[in-house]
Structure formats: structure tokens, C-alpha cells
Protein chains: 2
Amino acid sequence: MQHHDPEALAVGLLSVSRALVDGISAGVRARGFDDVRPAHGFAFARLAPAGATITQLAEHLDVTRQAAAQLVDELIAKGYVQRSRHPDDARARLITLTGKGWACTRAAEAATADAVRPWAAILGEDRLRALEHDLLRIAPHGPLRPTW
Amino acid sequence: MQHHDPEALAVGLLSVSRALVDGISAGVRARGFDDVRPAHGFAFARLAPAGATITQLAEHLDVTRQAAAQLVDELIAKGYVQRSRHPDDARARLITLTGKGWACTRAAEAATADAVRPWAAILGEDRLRALEHDLLRIAPHGPLRPTW
DNA sequence: CAGATTAGGCAAGTAGCTTGAACATATGAG
DNA sequence: CTCATATGTTCAAGCTACTTGCCTAATCTG
């Protein structure tokens, strides 16, 4: 009876993840957004639906509020997000994507599709869907934390 | 759901990778090695077979030679590796694991097995092996680059 | 309405990388 | 054999994305 090999699984997982991040990053840059880093993508993912406060963003990214504030300052300076008054709390500020931020998000989605496409050619649609399904089953709940 | 969903696949992949790295890191710390970071593990992987030079390690980690040298200095200070004269080239130094370095490597292997074990319970042995197999098929060749 | 809590900002410090320059050894052309 | 060039490493300084510590303003609680 054949056992699985934790080392090989770990290598495969980390290699593919790294390749995915690198591929998305390259695709986003190729689409003209050359001043964003992978970490920004994780922020965009939290901001996209309806915006967020600095504190919420910090929790999502698993960094201090100060670090999140610095990241937001940078993204504002680059034109990807905007800071506006929070409708419900005068202490807080609501951070939302600008048009450029949404365009960059769409570029990241397209880049992701590009990065994944060759895998479909290698594995076939069925096994790729099985891969996705199984990964989501073993993935922890909670926010997608950055990492690169 | 006819087609695969690149976004869902990316989220699954990155979530599971992050969970794996966090799990290994926690397991290694729990085994008494609380002064190593995930990045060190990628260095150990290159050094384990037969040692390496600073330059080889830098290429493997995809950092400058200076950064690799700093990392090695740190690992020497902590007792995980040693620097000795290179047998074939008087310019180079051969970096190899110490006994403590090997012990930490074994701890990382055990921690990896621990981190992966719950997945086998969720997916079953067969699908976990299929996951490993498919990931290795789509993984790029070349060194496993660090990342955390 | 007083005290505790929460959102955010300001300042300084740090870890882990970078670039730039130097030095030692190796290699190859003449 | 000698010199020019390439390679392996190290020293020094700087940068970036974080951190900790403290501060103010607004909100919640009793």
C-alpha cells in the first residue's frame, strides 16, 4: 500500500503557489500596472466589495494598523484607492478603490486566468476542477492572507 | 459549472500554501527551534544534500550573494550551519549543516507530516496522492524559491 | 457625562534585503 | 609565466516594509 509523501506535496504546493504569484505579478505589470506589488493585490481583494477601514484592512492583511495606513498612503499616492469620510463613524475613514484601482483588479483577474490556463492544458479541465475543489476543501476559512 | 474558476483556484492554492507554511513554522517552533524563520528552511533544503557555497545558495534563494552571506552569518551564530574551506576552490567556502541543523531539518519534516495529515483525513489517501501528483505536474522545474 | 474603548496618525526603531566597492583566488590568452 | 579578466566572498551604506510606543479624536457604556 502506497502512502502519500508530505515532502513532495509541500514542494508541489509551494512551487505552484510561487509560480502563480510570479505569473500574476508579471501579467499585471504587462498590462501596464508596474507600480503594484503582490501584497497590494491582497489589499484590493478586501477593498473591492465595498471598501474598508484601515483597521479592517490591517486585520485582513494580518499587519499592524500603522502598516496598513502606510500601504494605503502609498496606494493613494499612486492613484489606486481613495480615502473618504466614513458614513457611520466620524473617527474612521472609508478606503475604496478608484477607477484605476478597479482597472488594476480586472487586470489581475485576467492575469490570473492567463497563469492558470497552461495548467488546464496539462491536466485537462476535469482534473483542474478536481484540484480546485480539493484545495478549497482543505483550505482554512478566513481571509486570504498576504504572503508576498 | 462547466469551466474552472481561476479566481477560486488561486484562492485555494494560496490559502493552502499559507496554511502549510504557518503549520510547518508552528511545528518547528513547537519542537524547540524557535529562532528559525520559514526562509531558513529553504536554505536548509539546499544545504542538506552536500552543502553549498554562498553563491549557490544565493542563486537557489533568488537573492543577492550579500543577502545569502548575511543569512549564513545568522545561521552560523545560531549554530545551524558551519563554514569550512572549499575542497576544490580556495576562494569559496563550503556551507554545511551542523548536527543542530540536521535536527532542525528532521523537525521540519515531522512538522510537514503533521501539517499534511489532516488533509488526508479530509480528502482520503487517494485524492491526496492525486493532488500531489497533479501539483508536481504543473509545478515549474528548478529550485523551490522562498517566499516566506 | 465621566471613563473606557476604538479609529487613526505621528515618530522612531528594526529586519532583511539592496547597491556599490573592495579584495582574494582562479582561469585563459599570449 | 604574466597579465587581463572572471569568479567567490566580504565590507559598508542605504532602502523599504514592517514594527513598537505614544498621542489625539470620536464613540460607546453605565
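In what follows, chains are A, B, ... by sequence order, proteins preceding strands, each numbered from 1.
We find that CZ of R85(B) is positioned 14 Å from C1' of dG8(D), with the value rounded to whole Å. Summarising the geometry, the separation between CG on L61(A) and P on dA17(D) is reported as 14 Å, rounded to the nearest angstrom. In this structure, H86(A) atom NE2 and dA26(D) atom P are separated by 15 Å, rounded to whole Å. Separating the CD atom of E74(A) from the P atom of dC18(D) is a distance of 9 Å, rounded to the nearest angstrom. Rounded to an integer number of Å, the gap from H40(B) NE2 to dA15(C) P is 12 Å. For the pair D89(A) CG and dC28(D) P, the interatomic distance rounds to 7 Å; values are reported in whole Å. As rounded to whole Å, 12 Å separates atom P of dC17(C) from atom CZ of F42(B). One interatomic measurement links the two molecules: CD of Q66(B) to P of dC15(D), which rounds to 16 Å at whole-angstrom precision.
Note on A67(B): a base of the nucleic acid sits closer than 4.0 angstrom, heavy atoms only. Within 4.0 Å (heavy atoms only), T55(A) reaches sugar-phosphate atoms of the nucleic acid but no base atom.
Listed candidates were dC18(D), dG8(D), dG16(C). Nearest to the side chain of V63(A) is dC18(D).
A salt bridge is absent between R137(B) and E132(B); no separation between the charged side-chain nitrogens and carboxylate oxygens falls under 4.0 Å. In this structure, D114(A) pairs ionically with R31(A), as a charged nitrogen and a carboxylate oxygen lie closer than 4.0 Å. The residues E59(B) and R46(B) are annotated as not salt-bridged, no charged nitrogen and carboxylate oxygen being separated by less than 4.0 angstrom.
Comparing D62(B) and R65(A) by the nucleotide of DNA chain C that holds the closest heavy atom to each, the one mapping nearer the 5' end is R65(A). The residue among Q70(A) and R91(A) whose nearest nucleotide of DNA chain C is located toward the 5' end is R91(A).
Checking the phosphate oxygens (OP1, OP2) of dT10(D), a side-chain nitrogen or oxygen of R83(B) falls inside 4.0 Å. Between T53(B) and dT9(D) there is a side-chain N or O to OP1 or OP2 distance below 4.0 Å. For dT10(D), one of the phosphate oxygens OP1 or OP2 lies less than 4.0 angstrom from a side-chain nitrogen or oxygen of R93(B). When the side-chain nitrogen and oxygen atoms of T64(A) are compared with OP1 and OP2 of dC18(D), none of them lie within a distance under 4.0 Å.
For the side chain to side chain donor-acceptor pair (under 3.5 Å) test with Y80(A), the passing option among T105(A), T98(A), D35(A) is D35(A); the others fail.
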Problem - R129(B) vs D134(B), salt bridge (charged side-chain N to carboxylate O under 4.0 Å, His left out): CA-CA, chis, key distance, verdict - result: CA-CA 9 Å; R129(B) 272 203 310 277; D134(B) 287 347; over 6 Å; no
